[in-house]
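Report on the structure given below.
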Amino acid sequence: MKIDATVIAEAALGLLDEVGLDGLTMRKVAAALDVQAPALYWHVKNKRELLDAMARRVFVSAVDGIEAPRQGEDWQDWVVAVAGRLRRSMLRYRDGAKVLAGTYVNEEAMWRTVELTLRTLEDAGFALVDAERVFPILLHYTIGFVIEEQAQSGAEYADGNPYDSARIAQTVDAERYPRTARMVGELFGADTDVEYERGLRVILAGIRATLST
């Protein structure tokens with residue numbers, strides 16, 4: 001097998017379900033590829049570059065095949081769909097959102113997606129200076145949401161999932177904190193697909209309202 005940054009990144013992503021991001025090492029990636037660790041350093045100099053390469057794979061797989069909105073398609077629906085693809089791509093891997101957070105993705109697919117988003121927003125009536133601020137907001141919301149979503153799987157805990165709604169409910173005094181108890185029951189057992197899109201549409205509505213003032 002020919003080793004390059006893409007092959008290394010794919011192997012590293014394949015290890016995440018087993019070891020998580022904290023347990024990922026260059027040595028383990030090398031073992032998965034049946035090579036010695038020094039062979040990797042010709043292509044990725046350190047774990048920082050490895051994470052960047054992994055993030056590129058996650059992002060590229062998310063935006064592969066994205067096209068501009070179809071005629072008559074609402075711009076908000078298009079944005080929700082694009083952001084949702086990124087979320088699903090991160091969810092394919094344990095700690096997938098942590099992989100993307102803070103990484104440097106310099107990739108044609110990234111710039112094409114940004115360009116499509118800016119053009120879509122301009123067509124919807126945004127000034128370019130306003131449209132330029134939307135993409136980072138959507139990206140940061142999506143990554144942050146998925147970091148929390150994946151944390152709530154409880155995979156890092158040895159004694160059961162502390163985010164389990166029934167378990168949390170037992171820790172909240174419903175008589176003293178009735179609103180909090182209700183919120184815990186509503187949110188920690190909620191459909192995360194629904195909650196993600198609800199939050200995203202609140203953000204988009206806020207952006208539109210801000211621009212109209």
Side-chain angles (χ1 to χ4, degrees), residues 9-10 12-14 16-17 20-21 51-126 130-155 163 165 183 186-211:
E10 291 285 2
L13 288 167
L16 285 179
D17 281 348
L21 190 58
L51 290 174
D52 288 347
M54 292 166 68
R56 284 196 297 274
R57 297 308 305 154
V58 173
F59 191 90
V60 168
S61 66
V63 301
D64 182 47
I66 283 179
E67 298 295 342
R70 300 183 301 275
Q71 186 172 0
E73 183 177 4
D74 180 76
W75 70 271
Q76 295 188 59
D77 291 340
W78 184 86
V79 167
V80 167
V82 171
R85 289 176 63 146
L86 179 59
R87 172 175 169 258
R88 289 190 296 276
S89 185
M90 290 186 287
L91 286 172
R92 287 175 56 196
Y93 308 100
R94 176 180 169 185
D95 295 332
K98 287 184 179 179
V99 168
L100 216 65
T103 49
Y104 176 66
V105 178
N106 184 0
E107 183 75 32
E108 180 72 17
M110 164 70 88
W111 311 130
R112 180 176 181 276
T113 303
V114 173
E115 188 70 19
L116 280 173
T117 303
L118 293 176
R119 193 172 72 196
T120 298
L121 294 171
E122 281 192 289
D123 290 345
F126 285 72
D130 293 322
E132 289 167 347
R133 286 162 175 76
V134 174
F135 190 87
I137 292 171
L138 301 177
L139 181 65
H140 297 159
Y141 166 71
T142 300
I143 292 174
F145 185 96
V146 179
I147 286 175
E148 292 294 329
E149 185 176 11
Q150 293 188 311
Q152 289 174 22
S153 72
Y163 292 101
S165 58
M183 184 194 75
E186 289 286 329
L187 291 185
F188 285 95
D191 183 327
T192 52
D193 292 342
V194 172
E195 293 304 317
Y196 170 74
E197 182 169 334
R198 178 178 293 154
L200 187 55
R201 289 193 180 276
V202 167
I203 289 171
L204 292 173
I207 289 169
R208 174 58 92 188
T210 299
L211 294 178

Item to check | Distance, nearest 0.5 Å, that separates CG of Leu100 from CG of Asp52 | outcome: 10.0 Å
Item to check | Approximate separation, where rounding is to 0.5 Å, of Ile203 CD1 and Ile137 CD1 | outcome: 8.0 Å
Next on the checklist: Filter on ring-ring contact (aromatic ring centres under 6.0 Å, His included), then keep only pairs touching residues 64-83, sequence neighbours left out; what's left?
Outcome noted: Trp75-Phe126
Next on the checklist: Show every side-chain hydrogen bond (donor to acceptor under 3.5 Å, both in side chains) that has at least one partner inside residues 58-72, sequence neighbours left out.
Outcome noted: Ser61-Ser89, Glu67-Arg112
Next on the checklist: On a heavy-atom basis, which atom in Thr103 and which in Val99 lie closest, and how many Å separate them?
Outcome noted: CG2-O, 2.8 Å
Next on the checklist: Restricting to non-hydrogen atoms, name the atom on Asp193 and the atom on Asp191 that form the minimum distance, rounded to 0.1 Å.
Outcome noted: N-OD1, 2.8 Å
Checklist entry - Listed by chain and number, what are the salt bridge (charged side-chain N to carboxylate O under 4.0 Å, His left out) partners of Glu195, not counting sequence neighbours? => result Arg198
Item to check | Pairing residues for Ala9 by the side-chain contact (heavy atoms from CB on, under 4.5 Å) criterion, not counting sequence neighbours | outcome: Ala53, Met54, Arg57
Checklist outcome for this item: Output for pair (Leu86 CG, Leu138 CG), nearest 0.5 Å, gives 10.0 Å
Checklist outcome for this item: Applying side-chain hydrogen bond (donor to acceptor under 3.5 Å, both in side chains) to Asp17 and not counting sequence neighbours gives none
Item to check | All pairs passing side-chain hydrogen bond (donor to acceptor under 3.5 Å, both in side chains) where residues 136-155 contributes a residue, at least two apart | outcome: Arg87-Glu149, Thr142-Tyr196, Glu149-Thr192
Identify all side-chain donor-acceptor contacts of residues 113-125 below 3.5 Å with residues at least two apart in sequence or on another chain.
unit_1: Thr113; atom_1: OG1; unit_2: Ala109; atom_2: O; d: 2.7
unit_1: Thr117; atom_1: OG1; unit_2: Thr113; atom_2: O; d: 2.8
unit_1: Thr120; atom_1: OG1; unit_2: Leu116; atom_2: O; d: 2.8

Item to check | Side-chain heavy-atom pair Arg201, Asp77 within 4.5 angstrom cut-off | outcome: yes
Next on the checklist: Holding to side-chain hydrogen bond (donor to acceptor under 3.5 Å, both in side chains), I want the full list of residues that pass it with Asn106, two or more places apart in sequence or in another chain.
Outcome noted: Tyr104, Trp111
Checklist outcome for this item: Residues passing the side-chain hydrogen bond (donor to acceptor under 3.5 Å, both in side chains) test with Arg85, sequence neighbours excluded, are none
Checklist entry - Passes side chain to side chain contact (heavy atoms under 4.5 Å, CB included), Leu51 versus Leu21? Steps please. => result CA-CA 9 Å; Leu51 290 174; Leu21 190 58; 3.5 Å; yes
Next on the checklist: Give me the atom names and distance for the closest heavy-atom approach of Val80 to Leu200.
Outcome noted: CA-CD2, 3.7 Å
Checklist entry - What residues form a side-chain contact (heavy atoms from CB on, under 4.5 Å) with Ala101, not counting sequence neighbours? => result Ile143, Ile147
